[in-house]
Amino acid sequence: MAEDYLWYAGIPFPATLYKTEGIKAAHEKFVVKDEDIITVTYPKSGTHWMIEILCLILNKGDPEWIRSVPIWDRFPWIEMEWGSRRIRDMKEGPRQLTSHLPIQLFPKSFFTSKAKLIYVIRNPKDVLVSGYYFYSQSKIMKHPESLQQYYEWFIQGNVQYGSWFAHVLGWMSMRERENVLVLSYEALKKDTRSTVKRICQFLGKKLEPQELDLVLENSSFQAMKENKMSNFSLMDRSYFPAGVEMTRRGMVGDWKNHLTIAQAEAFDKIFREKMAGFPPELLPCD
Ligand code: A3P
């Protein structure tokens, strides 16, 4: 099993899942349509939770779709081989798409389109811990020998999709656009109902109170953990051995259970340097 990276424009991608032509085609040729809805995140920021919520909003809370179609087929990844095949097979009408691409590699056509894009950000220390547990169990990229090693890779941007800092700074530059909504994992956790209402407003969808209740109920951590279409239990076992779950803890601040005080303090210092000038209220790192 090759666990090395494929480097494209200075960004590492797991060679097991990506091809140079696929990333290049996504960037240069992929045609975004005005009616598309796109979820974009740095990996481990709550991508799948957002997808589940969007699927439910689009179906007024009815869980039939999320319980019958794997999550990666519902919101295929633009830059992945199988994702782009799935997108090609999609029927006419609004498409639901996902991407982890940094802004400089995102489909160029998006920037002149009216497609609606939701970017989810998350406390990078939780992203780091989440990624460490996920990638050290899966077989899609180099295994870190320890959390300390993964911590160093993360800070250097030597992990899939590159530097968290660059990814977030790049995408946050789009936050004033009418067709871009930036949300944090933390806000979604703290007040899921209000945040889902914000998403509905952004998408121009109106839900009745009981439909909103169904969205919340069916996208809860427990519901996703039990949904085999969403919890990764149907994933290819050669990449994701049994036990690798997308729904691990689903908490805000789990980093406190894993990083040492010294690691957290050193991280905060780097965060302040790299994110200098970035409004702290938009992304707390506590
Ligand atoms: P943890 O590893 O900290 O638990 P992504 O989808 O971008 O890979 O992000 C995965 C993270 O989102 C995991 O974080 C996972 O537990 C969390 N997550 C997934 N579904 C969730 C839900 N319904 N509610 C809260 N967190 C969820």
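Residues: numbered from 1 along the sequence shown. In listed order, ligands and their atoms are each counted from 1.
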Q | Close-contact set for ligand 1 against G250 heavy atoms, below 4.0 Å | A | 1 (P), 4 (O), 16 (O), 26 (N)

Q.
With rounding to the nearest 0.5 angstrom, report the SG to CD1 distance, C55 to I51.
A. 7.0 Å

Q) Does Y42, backbone or side chain, put an N or O under 3.5 Å from an N or O of ligand 1? A) no

Q) For ligand 1, which atoms sit closer than 4.0 Å to a heavy atom of S220? A) 23 (N)

Q: Please report which non-hydrogen protein atom sits nearest to atom 6 (O) of ligand 1, along with the residue it belongs to and the distance in Å to one decimal place.
A: H48 ND1, 2.6 Å

Q: Output the distance between atom CE (M246) and atom OG (S130), rounded to the nearest 0.5 Å.
A: 9.5 Å

Q | Nitrogen or oxygen atoms of S45 and ligand 1 under 3.5 Å apart | A | yes

**Q.** Sub-4.0 Å atoms of ligand 1 with respect to non-hydrogen atoms of S219
**A.** 23 (N)

Q) For the residue pair F134 and F240, is the inter-centroid distance of their aromatic rings smaller than 6.0 Å? A) yes

Q. At what distance is the nearest protein heavy atom to atom 16 (O) of ligand 1, and which residue and atom is it?
A. R248 N, 3.1 Å

(Q) Can you confirm whether more than 12 heavy atoms, excluding those of R95, are under 6.0 Å from its CZ atom? (A) yes

Q. Does the pair D268/K125 count as a salt bridge with the N-to-O cut at 4.0 Å?
A. yes

Q) If you measure every N/O of H100 against every N/O of ligand 1, is any gap under 3.5 Å? A) no

Q. Is A223 touching ligand 1 with its side chain, its backbone, both, or neither, if touching means heavy atoms under 4.0 Å apart?
A. neither

Q.
Please list the nearest protein heavy atom to atom 17 (C) of ligand 1 with its residue and the distance rounded to 0.1 Å.
A. Y185 OH, 3.9 Å

Q.
Any atom of ligand 1 sitting under 4.0 Å from a heavy atom of T247?
A. yes

Q. For ligand 1, is there an N or O atom under 3.5 Å from any N or O atom of D126?
A. no

Q.
My understanding is that we take every heavy atom of each candidate and find the minimum distance to atom 5 (P) of ligand 1. Doing that for T47, I53, N123, which one comes out nearest?
A. T47

Q | Aromatic contact, Y8 with H27 (centres under 6.0 Å) | A | no

Q. Between Y133 and ligand 1, which residue portion shows a heavy-atom distance shorter than 4.0 Å: side chain, backbone, both, or neither?
A. neither

**Q.** Cluster link L203 to I66, ILVMFWY, side chain under 4.5 Å
**A.** yes

Q.
Regarding atom 11 (C) of ligand 1: of the candidates R122, K189, M224, which has the closest heavy atom?
A. R122

**Q.** Salt-bridge present (R74, E52; N to O < 4.0 Å)
**A.** yes

Q.
Do Y132 and H258 pair up side chain to side chain, a donor and an acceptor below 3.5 Å, judged on atom types alone?
A. no

(Q) Which of the numbered atoms in ligand 1 are under 4.0 angstrom from any heavy atom belonging to S130? (A) 1 (P), 2 (O), 3 (O), 13 (C), 14 (O)

Q: Out of M246, K44, H258, indicate the one that has the non-hydrogen atom closest to atom 13 (C) of ligand 1.
A: M246

Q. So does K269 pair up with E265, basic N to acidic O under 4.0 Å?
A. no

Q.
Checking the N or O distance criterion of under 3.5 Å, is ligand 1 in contact with G46?
A. yes

**Q.** D126 CG to N257 CG distance, which is reported to the nearest 0.5 Å
**A.** 9.5 Å

Q. Per the side chain to side chain contact (heavy atoms under 4.5 Å, CB included) rule, which among L54, D36, L58 passes with Q96?
A. L58

**Q.** Contact check, F134 vs ligand 1, heavy-atom distance below 4.0 Å
**A.** no

